[in-house]
Trainee: 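Below is a structure I'd like to ask you about.
FYI, the numbering just counts along the sequence from 1.
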Amino acid sequence: QVQLVESGGGLVQAGDSLRLSCAASGGQFSRFALAWFRQAPGKEREFVAALSRSGNPDYADSVKGRFTISRDNGKKTVYLQMSSLNPVDTAVYSCAARPTILTAPMTRVYDDYYYWGQGTQVTVSS
């Protein structure tokens, strides 16, 4: 059974940086494609970033240039480094994982992922 646990959320001011972590247990982490999604109050869940098994990233336009997704297979952890945060980034951030073949195309679709964390709250004050 794969479990994902996020950490690193909190309350920050506009312009600050924050790094989220998502640690996995169970499963073969190196075989997972990984992603971060977020959901703000009263809004639909939205894609933030994804990372393929080979390390290729994909970003939502709203975070491109400000957020960086990375992985450490040895630590079974995926990270989301966020900079230049602004209040519109306020949301619950959740990591997701899905086992894939090495050449699988990346996906931004929530339902394509098999495993989910509980989420961590990020609040950006103006």
Trainee: Out of curiosity, does Trp36 fall in the hydrophobic cluster containing Val2 (side-chain heavy atoms, cut-off under 4.5 Å, transitive links)?
Mentor: yes
Trainee: Got a second to check how far Ser94's OG is from Leu80's CG, nearest 0.5 Å?
Mentor: 11.5 Å
Trainee: Answer yes or no: is there a donor N or O on one side and an acceptor on the other, between the side chain of Thr120 and the main chain of Ser7, under 3.5 Å?
Mentor: no
Trainee: For Ala24 and Leu4, work out which heavy atoms get closest and say how close.
Mentor: CB-CD2, 3.5 Å
Trainee: List the atom of Gln81, the atom of Ser17, and the distance in Å for their closest heavy-atom pair.
Mentor: NE2-CB, 4.0 Å
Trainee: Tell me if a side-chain donor or acceptor on Tyr113 pairs with a main-chain N or O of Ala33 at a distance below 3.5 Å.
Mentor: no
Trainee: Can you check whether Ser62's main-chain N or O pairs, donor with acceptor, with Arg66's side chain at less than 3.5 Å?
Mentor: yes
Trainee: Over 60° means perpendicular and under 30° means parallel, so tell me whether Trp116 and Phe37 are parallel, tilted or perpendicular.
Mentor: tilted
Trainee: Nearest 0.5 Å, what's the CZ-CD1 distance between Arg31 and Ile101?
Mentor: 11.5 Å
Trainee: Is there side-chain contact between Phe32 and Val78, with heavy atoms separated by less than 4.5 Å?
Mentor: no
Trainee: Does Glu6 use its side chain to pair, donor to acceptor, with the backbone of Cys95 at less than 3.5 Å?
Mentor: yes
Trainee: Please give me the minimum heavy-atom distance between Ala14 and Pro87, naming the atom from each residue.
Mentor: CB-CD, 4.2 Å
Trainee: Determine, for Phe29 and Arg71, whether the Lys NZ or Arg CZ falls below 6.0 Å from the six-membered ring centre while staying within 45 degrees of the axis.
Mentor: yes
Trainee: Honestly, is Arg98 close enough over Tyr114, meaning NZ or CZ under 6.0 Å from the six-membered ring centre and within 45° of the axis?
Mentor: no
Trainee: Test of understanding: clusters of I, L, V, M, F, W, Y form through side-chain heavy atoms closer than 4.5 Å, transitively. Do Val92 and Val124 belong to the same one?
Mentor: no
Trainee: Indicate if Leu18 and Tyr79 have the same hydrophobic cluster label, given that clusters are the connected sets of ILVMFWY residues with side-chain heavy-atom separations under 4.5 angstrom.
Mentor: no
Trainee: Ignoring hydrogens, what is the shortest heavy-atom contact between Ala104 and Thr100? Give both atom names and the distance.
Mentor: CB-CB, 3.7 Å
Trainee: Nearest 0.5 Å please: distance from the OG1 atom of Thr90 over to the CZ atom of Arg38.
Mentor: 9.0 Å
Trainee: Between Arg53 (side chain only) and Pro99 (backbone N and O only), is there a donor and an acceptor less than 3.5 Å apart?
Mentor: no
Trainee: Determine whether Met82 and Val48 make a side-chain contact, defined as any pair of heavy atoms from C-beta on separated by less than 4.5 Å.
Mentor: no
Trainee: Is a donor from one side chain sitting under 3.5 angstrom from an acceptor on the other, for Gln121 and Thr123?
Mentor: yes
Trainee: What heavy-atom pair brings Tyr59 and Ala49 nearest, and what distance separates the two atoms?
Mentor: CD2-CB, 3.6 Å
Trainee: Which heavy atom of Asp58 sits nearest a heavy atom of Met106, and at what distance?
Mentor: CB-CE, 3.4 Å
Trainee: Using the ring of each side chain (for Trp, its six-membered ring), is Tyr93 parallel, tilted or perpendicular to Phe67, with breaks at 30° and 60°?
Mentor: tilted
Trainee: Grouping I, L, V, M, F, W and Y whenever their side-chain heavy atoms are under 4.5 Å apart, do Phe47 and Val122 come out in a common cluster?
Mentor: no
Trainee: State the CG-OG distance between Leu34 and Ser52, to the nearest 0.5 angstrom.
Mentor: 9.0 Å
